[in-house]
Amino acid sequence: MPCYICETCGTQHAPTSEPPSHCSICDDDRQYVGWSGQTWTTHSELSQRFSLRIENDDGLLGIGVRCEFAIPQRALLLQTSVGNVLWECVSIVTDQALSELEARGGVDRIVISHPHFYSSMVEWSDALGGVPILLHEADRDWVRRSSRQVSFWSGDVHRLSNDVTLVRCGGHFPGSTALLWEAPNGRSVLFPGDALQVATDRRHVAFMYSYPNYVPMKTSDVRAMRERLSGYDYQDVYGYTWGRNIIGNGRAAIEASFERHLQRVTS
Ligand SMILES: [Zn+2]
Ligand SMILES: [Zn+2]
């Protein structure tokens, strides 16, 4: 039975003989149903229509679906002391992507910030030999295609190693997670998914409950995120998609953005 993929959010669902009646990710008010109604595709059909963009993004290998499909996130390969981490995921797996990853030592685990980027995570895990997928437990109910490879962490902080720490930011989703990495080149890097969104000027970030529907994040959630990130120092911030990165002075940019946001919503 095929595992249908929602054409609007790019999430692969559990195997069914017929397409699911709806996509709960898109029905949710953080997303939207496509303007032509709910439509579905499959991995094999999608792979014929789209290729992957596999390129360097500010020094890291990025993988994203080329051209216009669903949410345009790109995954990144992080070569950490605890093994190679594929941070985030996309809707199609290709042989070229697998060989590019293999050439860099493969992937030891997939870690994803939140449900909008679960995409085809099980397809990826299977193609990578059954590597574990690590998600926050608070978003467990949003998993559309479950697998024994999926495991959950809980709480606000999860240290994978001396150089990799997961921090629950919350706000956008209860389990929205940022990854902090002390990279071997000496730089400290924050990967926030879209728990906070790198702005177009690449000097600030924004905090929204829904980006496509312009729904603000609760002020209490913004404050809680600020508190949870306050103990970490980082220079660079890699946002959710290509080039949406703040290289240098990342922590100062985020602190200034928290300040600006809270001033505007409370004045
Ligand atoms: Zn959807
Ligand atoms: Zn999102």
Side-chain angles (χ1 to χ4, degrees), residues 2-16 18-43 45-46 49-50 64-65 68-76 87-92 110-123 133-136 138-146 166-179 190-200 205-218 221-222 224-225 237-242 244-245:
C3 294
Y4 285 95
I5 295 174
C6 170
E7 294 224 46
T8 306
C9 69
T11 306
Q12 190 178 50
H13 285 55
T16 46
E18 297 294 324
S21 59
H22 68 287
C23 172
S24 52
I25 302 272
C26 287
D27 281 349
D28 177 64
D29 61 3
R30 282 161 283 205
Q31 249 287 113
Y32 58 94
V33 176
W35 293 4
S36 308
Q38 178 66 51
T39 53
W40 299 94
T41 183
T42 61
H43 187 268
E45 198 261 342
L46 203 55
R49 277 166 53 202
F50 293 98
V65 178
E68 297 265 308
F69 174 74
I71 305 170
Q73 80 270 17
R74 55 96 182 83
L76 292 169
W87 169 246
E88 314 290 26
C89 204
V90 298
S91 295
I92 51 175
I110 299 168
V111 185
I112 304 178
S113 63
H114 76 298
H116 287 154
F117 302 159
Y118 289 174
S119 57
S120 292
M121 60 183 179
V122 176
E123 194 88 26
I133 302 165
L134 188 57
L135 311 174
H136 196 282
D139 297 336
R140 176 191 291 264
D141 290 348
W142 292 101
V143 173
R144 298 296 90 189
R145 182 183 175 191
S146 54
L166 304 181
V167 177
R168 185 176 78 87
C169 293
H172 178 46
F173 274 83
S176 277
T177 293
L179 184 151
L190 178 76
F191 300 89
D194 62 5
L196 50 84
Q197 175 98 269
V198 174
T200 314
V205 298
F207 313 94
M208 301 286 277
Y209 175 74
S210 168
Y211 295 96
N213 298 328
Y214 311 114
V215 184
M217 190 178 288
K218 281 186 197 164
D221 285 343
V222 176
M225 191 193 316
V237 181
Y238 282 71
Y240 85 104
T241 195
W242 300 101
R244 281 270 172 164
N245 309 321

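Everything numeric in this text was worked out from a predicted model, so none of it was measured. We count ligands from 1, going down the list as the structure has it; atoms in each ligand are counted the same way.
- With the Zn ion (ligand 2) at the apex, His172 NE2 and His116 ND1 define an angle of roughly 100° (rounded to 10 degrees).
- The angle subtended at the Zn ion (ligand 1) by SG of Cys23 and SG of Cys9 is 100°, given to the nearest 10°.
- With the Zn ion (ligand 1) as the vertex, atom SG of Cys6 and atom SG of Cys26 span an angle of 100° (nearest 10 degrees).
- Under 3.5 Å, the side chains of His114 and Asp194 contain a donor-acceptor pair of N or O atoms.
- If you look at His114 and ask which of its N, O or S atoms sits nearest the Zn ion (ligand 2), the answer is NE2.
- Asp194 has its closest N, O or S atom to the Zn ion (ligand 2) at the position named OD2.
- Using bins of under 30°, 30° to 60° and over 60° for the plane-to-plane angle, the ring pair Phe69/Phe50 lands in the tilted bin.
- For Trp142 and Phe173, the ring centers are positioned less than 6.0 Å apart.
- Side-chain atoms of Ser113 and Glu88 form a donor-acceptor pair, as typed in the model, at a separation below 3.5 Å.
- Rounding to the nearest 0.5 angstrom, the gap separating the OG1 atom in Thr41 from the CG atom in Leu46 is 5.0 Å.
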